[in-house]
Every structure is written in C-alpha cells, then in structure tokens.
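Notes follow the structure.
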Amino acid sequence: MNRKSTLVNFFRAAGFAWVLFLSGSAFAQQDPQFTQYMHAGAFYNPAFAGKELGTHFSALYRSQWQGYTTSLGTGGAPTTQLITAQGRLKSKNIGYGLTVVNDQIGAASNLDINLQGSYHKKINRTQLSFGGYVGMSSSSLDYGELVLINPEPGLPQSGTESQLALDFGAGVIMDKGGFYAGLSAKHLNQPSFDFGDGNYANTLQMHNYLLLGYRLRPIGQLRIEPSILLKTVGGHTLSYDVSVIATLQNRINAGVAYRGEESASVILGYSLLKDNSLKLGYAFDLVLGGVAAKAPTSHEILLRYAWSDVQKSVNRVIQRTPRFRF
C-alpha cells in the first residue's frame, strides 16, 4: 500500500468514526481535557505506557478560561495538573507507567492516581499494544463555596467532604508506522461519590476515547501529523479534538487545533539538549463557543523529558603520525 492510499484510508477511517460518534447524544465531560493531547497519550490510553523505548517523564499544566470569575466575583476557572512517568522492560516487551491528575473546578476537586501496565507485540511492520490501569480516584467538595438557591434540608453549609474509590480502565493501540489508531475506556467500574449521603450520589461515567493519526514526511526532515481524538461519556457523543502538527528536524513543532463547538488553538514546541530529550510545549486556546459563560482564553504548558537506556558505543579512531608509521 503506497503513501497516498494510506492517507486516503486514514481520512476514510476518521470520517467513519466521526459519523459513528456523532450519532449519539451529548453528555457533560467529567475528565479534564488537554489541547496537547498528542503529548499526553498515557492519560487517555494505558496502552501508551512503554510504547516508546526508554523512560519518559512529562508534566502538563492547564489553566482554562483564564481570569474567569463567577457572578459573585469569586474564581472557579478549571485548572489541571498532569504528571506521567513510563518505561519499558525491553526484554519482556512489557510497559509500566504512573499517571497523576489533579483537577480543580469551582468547589470540586479531583485527584486520580493510576498504575498502568501494558504489553507490546510486533507483527511484521505493525505494533500492537494492550494496556490497563488500576488506581484510586479521590473527589472533594467544598460546601462553603457552593451558592444554592433552594438548598435541601440536611445539606451541609460549610466544610469539605472527600471520598475515595477504585478506578479501572483498559485500551489498545495499533501502530503501522504511518497510520495509528487507539481505542480506550476509562472508569470501567463507574465509581460513585455520595459523601455519605446516597441522595447526592455522583457517578463517574465511563469515558471512551478513539484516537486516529497519520505521520506524513513530505520532504527532508519535515514531518506533518494530522490527528483526531473523539471522546464520549456513557457511550454517547461528547466532543472531538482535531489537530495538525508540523515538526522540523525533530526539534521544532508548530500546529493548529480545534475543539468542537468550543475553541481554536495554536500549539508550539521546542526540544532542548543535543539529543532533543527535553521538550517544552505551549498551547493557546481562543474560546469560540459559549463565550457568555466563559473567559475567552485558555493556556497550557508542557515539560517532557525522555531518557534513553540505549548504550552508545564510542568508536576509537587510530591516530597515525609519520614518526611511528612503518
């Protein structure tokens, strides 16, 4: 299959997935969202753990709706911090990872800590990856920050309540070198948080993610990568992210992205050190939908480090001089 036909198949697959996902109803997003989703694969799909050789660390900070305040003049804009660490037992083709997510929005705060495991199998030119995670999800609610019009009897007026719950998820990735696709499901057990009162139970719905992407090298050291991330909650359509990223000499990258009915984005990145192992990234979102209830901009900062465990051999060059050459 040539490059042109592969690219055509990518857009066909993306179009089919688009129609399939848009056939459902919309539900509220419970997981945080990231514009630089292409650098946060382990957050969406545990099969990304150990997919690349070496050990990788990343940290991502997102400030959504910068400067947003409520009608009472207080804050409440979502802020999210993501930390991931992953590696691979090369001899066993087994990957492992750790993902920590702290998400704050208004009176609610959520902390997820997940341990990930994966298995990677090479079949001809295709790599198949299977992964799963088990973790703890913590949800906290500050009743003092809630403003209720008709509060129900017995509802606390102050104080903070927290609750822990187990969380499970699984995913699979197919990577053919140029085209790749990943499918995952988070919160398979749908943990519920009621803070001791079943009348206020809040269930964390199962989230499904479908990632499609294609790597194109039109000329020299230039790589262009279009991708789409489709997200659903409880089996129904939620939203989608589309991006096109261009990378030059594996060091400089720039691109644009669009989140359905929400925002348009610019993504920039630059890799430092001689081996490009330290990456800095930034994303700027301009809110286009629902501007009356949001602040107009969002910002993301990414820091990623890749440590290669491949031993580099040094070739000794024999130096000859006329004096000792016979």
Side-chain angles (χ1 to χ4, degrees), residues 31-63 79-104 109-121 127-138 164-173 175 180 182 184-188 207 209 211 213 227 229 250-251 253 267 269-283 300-312:
D31 277 355
Q33 55 190 2
F34 299 102
T35 300
Q36 299 176 88
Y37 64 86
M38 66 293 299
H39 300 307
F43 169 76
Y44 297 100
N45 191 332
F48 273 102
K51 184 176 180 293
E52 300 178 21
L53 295 178
T55 305
H56 300 262
F57 305 91
S58 64
L60 199 154
Y61 174 81
R62 178 175 177 82
S63 178
T79 58
T80 308
Q81 301 85 40
L82 169 66
I83 297 176
T84 65
Q86 53 185 298
R88 182 171 176 178
L89 301 176
K90 187 168 58 174
S91 59
K92 302 293 184 179
N93 289 327
I94 295 176
Y96 54 88
L98 170 68
T99 299
V100 180
V101 185
N102 181 47
D103 188 37
Q104 175 78 42
S109 178
N110 302 286
L111 176 65
D112 296 333
I113 302 177
N114 298 326
L115 294 175
Q116 302 166 324
S118 61
Y119 177 74
H120 309 276
K121 178 67 174 179
Q127 177 176 279
L128 295 177
S129 302
F130 307 88
Y133 78 81
V134 58
M136 295 295 298
S137 181
S138 172
L164 285 172
L166 282 172
D167 188 20
F168 303 96
V172 61
I173 301 171
D175 193 331
Y180 59 90
S184 61
K186 297 180 63 178
H187 320 307
L188 287 172
H207 286 54
Y209 298 96
L211 174 65
S227 65
L229 177 66
N250 202 32
R251 181 175 290 271
N253 68 267
I267 301 174
Y270 186 78
S271 297
L272 305 172
L273 305 182
K274 292 183 178 180
D275 56 357
N276 296 334
S277 58
L278 181 62
K279 182 179 182 63
L280 301 177
Y282 171 74
E300 274 185 18
I301 298 176
L302 168 74
L303 179 64
R304 186 180 185 188
Y305 179 73
W307 181 72
S308 176
D309 57 0
V310 178
Q311 296 182 351
K312 298 181 179 179

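The figures here come from the full heavy-atom set of this structure, side chains too, leaving out hydrogens, waters and symmetry mates.
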- Please list, chain by chain and in numerical order, all residues satisfying salt bridge (charged side-chain N to carboxylate O under 4.0 Å, His left out) with Asp175, sequence neighbours excluded. Lys51, Arg215
- Tyr37 side chain to Ser227 side chain, donor-acceptor N/O pair below 3.5 angstrom: yes
- Task: Quick one: do Leu280 and Leu303 satisfy side-chain contact (heavy atoms from CB on, under 4.5 Å)? Show the steps, please.
- Result: CA-CA 5 Å; Leu280 301 177; Leu303 179 64; 3.3 Å; yes
Got a second to check how far [X]'s [atom1] is from [Y]'s [atom2], nearest 0.5 Å?
X	Y	atom1	atom2	result
Asp103	Leu82	CG	CG	10.5 Å
Leu98	Leu115	CG	CG	6.0 Å
Arg88	Thr55	CZ	OG1	12.0 Å
Tyr180	Ile173	OH	CD1	10.0 Å
Ile94	Ser118	CD1	OG	8.5 Å

Please report the closest heavy-atom contact between [X] and [Y], naming both atoms and the distance.
X	Y	answer
Val134	Phe168	CG2-CE2, 3.4 Å
Asp167	Ser137	CB-CB, 4.4 Å
Leu166	Met136	CD2-SD, 3.5 Å
Ala283	Ile267	CB-CG1, 4.2 Å
Gly171	Pro46	N-CG, 3.9 Å
Glu300	Thr35	OE2-N, 2.6 Å

Using the test side chain to side chain donor-acceptor pair (under 3.5 Å), find all partners of [X] that sit at least two apart in sequence or belong to another chain.
X	answer
Ser129	His120
Asn250	none
Asn102	Gln81
Ser138	none

Kindly write out the residues that satisfy side-chain contact (heavy atoms from CB on, under 4.5 Å) with [X], not counting sequence neighbours, or none if the list is empty.
X	answer
Ser271	Arg251, Asn276, Lys279
Ala165	Pro191, Phe193
Tyr305	Phe57, Leu273, Ser277, Leu278, Trp307
Lys121	Tyr119, Ile123

For [Y], is there any backbone N or O sitting under 3.5 Å from a side-chain donor or acceptor partner on [X]?
X	Y	value
Arg62	Gln33	yes
His39	Leu302	no
Tyr282	Ile301	no
Gln86	Ala42	no

- Stepwise, does the side-chain contact (heavy atoms from CB on, under 4.5 Å) test hold for Leu111 with Val100? CA-CA 7 Å; Leu111 176 65; Val100 180; 4.1 Å; yes
- Item | Partners passing ring-ring contact (aromatic ring centres under 6.0 Å, His included) against Tyr44 (at least two apart in sequence or in another chain) | Tyr209
- What pairs with Phe43 under ring-ring contact (aromatic ring centres under 6.0 Å, His included), at least two apart in sequence or on another chain? Phe34
- Query: Between Phe48 and Gln116, is a side-chain contact (heavy atoms from CB on, under 4.5 Å) present by the stated rule, with each step listed?
  - Reply: CA-CA 9 Å; Phe48 273 102; Gln116 302 166 324; over 6 Å; no
- What's the verdict on side-chain contact (heavy atoms from CB on, under 4.5 Å) for Thr99 and Asp112, showing C-alpha distance, side-chain angles and the deciding distance? CA-CA 8 Å; Thr99 299; Asp112 296 333; over 6 Å; no
